[in-house]
Amino acid sequence: METILVLAHTAPSNDTAAANRATLTKSSLEAVTIGMSLATQLSAKLTIAVLGANAAVEAASLGESGARLLAVSGDAFTDARYTTDAAAAEALCRAAQASIVLVPSSSRFARIAAGVAHRLGGFVDAHITALSGAEGIEATRWFYRQRVEAVVSRDARPWFLLLDSGTQRPFAAAPTSAAAEQIAVEVPATRTTVTGLRAPSQGAQTIRPDAKMLFVAGAGWTKKQADGQVHSGEAAELILGFLSSTSASLGSSKSLTDQGGDGQPVLPFLSHMNQIGQTGATPRHAKGLSTCCHGEEPHVVGWRFIGDRRAISLDPNCGWTRGKADVVYIADAFAVMSKVNALLAAK
Ligand SMILES: Cc1cc2nc3c(=O)[nH]c(=O)nc-3n(C[C@H](O)[C@H](O)[C@H](O)COP(=O)(O)OP(=O)(O)OC[C@H]3O[C@@H](n4cnc5c(N)ncnc54)[C@H](O)[C@@H]3O)c2cc1C
């Protein structure tokens, strides 16, 4: 019989978003959801282990899951660092005697998963989006820029599965009277001292994987408009205004992010990190709004996991109108977004 362990962690205690500090991350809560569902399907034993600041209290908030709860906390484990995180994860896996280890694919855990699997003589797979199975476990992941979906199964144990975020409903954590077992971990010798966390301020950070909505800017924003002029300053104001009222994540077409290198007008807050598509990202958001973008296939393939797709384009023959969006507004995005921003401001 399988023994399933969900490894979860809290956000660093110096996270720039105050509300996140020392609480379970969204991707950890998604891993709890998938762990509970798999344990039910396999009639398997479920353990959930929390690592990080406030770990015991946060583990207790998962009492409703019915799982055995483990925690590792202490100054050495508050912030991400390979040596201490790997030692803690190894100790938790051994305490749980896990055959299946479900790991949220955060930057903190993605870098230790393979090392910990190796220490335990196990195997690791990444980018898992779904798990199912009654007899054996079937893990689903995408290949070839999300064009091919594969189902993977393995006999090797322990089997570590790094779960992509945005694929499950996060477990609703709530305070309970459950008590987590504290697992003692010998702090290994460290060469790295964590002195703090540096991240762009919330206003400057435009890539927000956990946002409900994706807003995509295309090259049209910096093209000559009906009056023969370029209005990139106004474009920047409209885009940033919309992002600040909605906290949407900002994506871009390749053409727009490439423009900086071509010496054309650019939107300074965009980089290649924002690019969506075949050579960019494939984020997961409930809704997406594309503006001034043509909707060509190499771009739209990055929208694979966007739920409701809408586009604003002047071109009635653009790719979006050819079946790639649910709703297309054939309109001037400057006029539409200025009206939308005014309505949002009035709210
Ligand atoms: C190998 C390869 C990989 C690629 N990978 C990617 C990728 O990962 N991501 C990606 O995005 N592209 C990628 N591309 C490029 C892709 O094929 C397109 O060239 C690109 O997506 C076009 O960007 P765009 O629609 O913003 O620009 P354009 O094609 O220039 O379209 C601009 C649009 O804005 C509209 N517009 C202008 N003004 C307004 C206005 N006021 N209101 C409303 N609409 C307006 C125009 O009508 C036009 O439809 C790749 C191409 C190749 C060959």
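Along the sequence shown, residues are numbered consecutively beginning with 1. Just follow the structure's listing: the first ligand is 1, and inside any ligand the first atom is 1.
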- Task: Record the part of Lys254 in heavy-atom contact with ligand 1 below 4.0 Å; permitted values are side chain, backbone, both and neither.
- Result: both
- Would you tell me which option among Cys292, Gly218, Ala331, Pro316 has the nearest heavy-atom contact to atom 32 (C) of ligand 1? Cys292
- Note on the structure: The protein heavy atom nearest to atom 42 (N) of ligand 1 is Ala333 N, 2.9 Å
- Task: Report yes if Gly295 has an N/O atom closer than 3.5 Å to an N/O atom of ligand 1; otherwise report no.
- Result: no
- At a non-hydrogen distance cut-off of under 4.0 Å, which region of Cys318 contacts ligand 1 (side chain, backbone, both, or neither)? neither
- What protein heavy atom is closest to atom 5 (N) of ligand 1, reported as residue, atom name and distance in Å? Thr279 OG1, 2.6 Å
- Examine the proximity of ligand 1 to Leu256 and report which part, side chain or backbone, both or neither, has a heavy atom under 4.0 Å away. neither
- Task: For atom 7 (C) of ligand 1, grab the closest protein heavy atom and report residue, atom and distance to one decimal in Å.
- Result: Gln275 NE2, 3.1 Å
- Would you say the side chains of Thr222 and Gln259 form a donor-acceptor pair under 3.5 Å? yes
- Message: Tell me the protein heavy atom at minimum distance from atom 38 (N) of ligand 1, and give that distance in Å.
- Response: Gln225 NE2, 3.3 Å
- atom 24 (P) of ligand 1: which protein heavy atom is closest, and how many Å away? Ser253 OG, 3.6 Å
- Message: Applying a heavy-atom cut-off of 4.0 Å, say which part of Glu296 lies close to ligand 1: side chain, backbone, both or neither.
- Response: side chain
Throw together a table of side-chain donor-acceptor distances under 3.5 angstrom for residues 98-106, partners on residues two or more places apart or in other chains.
unit_1, atom_1, unit_2, atom_2, d
Ser99, OG, Glu2, OE1, 2.6
Ser99, OG, Thr3, N, 2.9
Ser99, OG, Thr3, O, 3.3
Ser106, OG, His9, NE2, 2.8
Ser106, OG, Phe109, N, 3.2

- Query: Is there a donor-acceptor contact under 3.5 Å from the side chain of Thr33 to the main chain of Arg169?
  - Reply: yes
- Item | Side chain to side chain, Pro188 and Thr84, heavy atoms closer than 4.5 Å | yes
- Message: Can you confirm whether Gln97 is buried at CD, in the sense that more than 12 heavy atoms of other residues, nucleotides or ligands lie under 6.0 Å from that atom?
- Response: no
- Message: Between Arg304 and Gln146 (side chain of the first, backbone of the second, donor and acceptor by atom type, cut-off under 3.5 Å), is there such a pair?
- Response: yes
- Message: Can you check which of Gly302, Ala311, Ala281, Ser255 brings a heavy atom nearest to atom 22 (C) of ligand 1?
- Response: Ser255
- Message: Donor-acceptor check, side chain of Ser73 to backbone of Ala53, threshold 3.5 angstrom: yes or no?
- Response: no
- Task: Could you note down all residue pairs passing ring-ring contact (aromatic ring centres under 6.0 Å, His included) where residues 121-143 supplies at least one of them, sequence neighbours left out?
- Result: Trp142-Phe305
- Do Thr23 and Asn54 meet the criterion of a side-chain donor-acceptor pair at a distance under 3.5 Å? no
- Query: Is there a nitrogen or oxygen of Phe334 sitting under 3.5 Å from a nitrogen or oxygen of ligand 1?
  - Reply: no
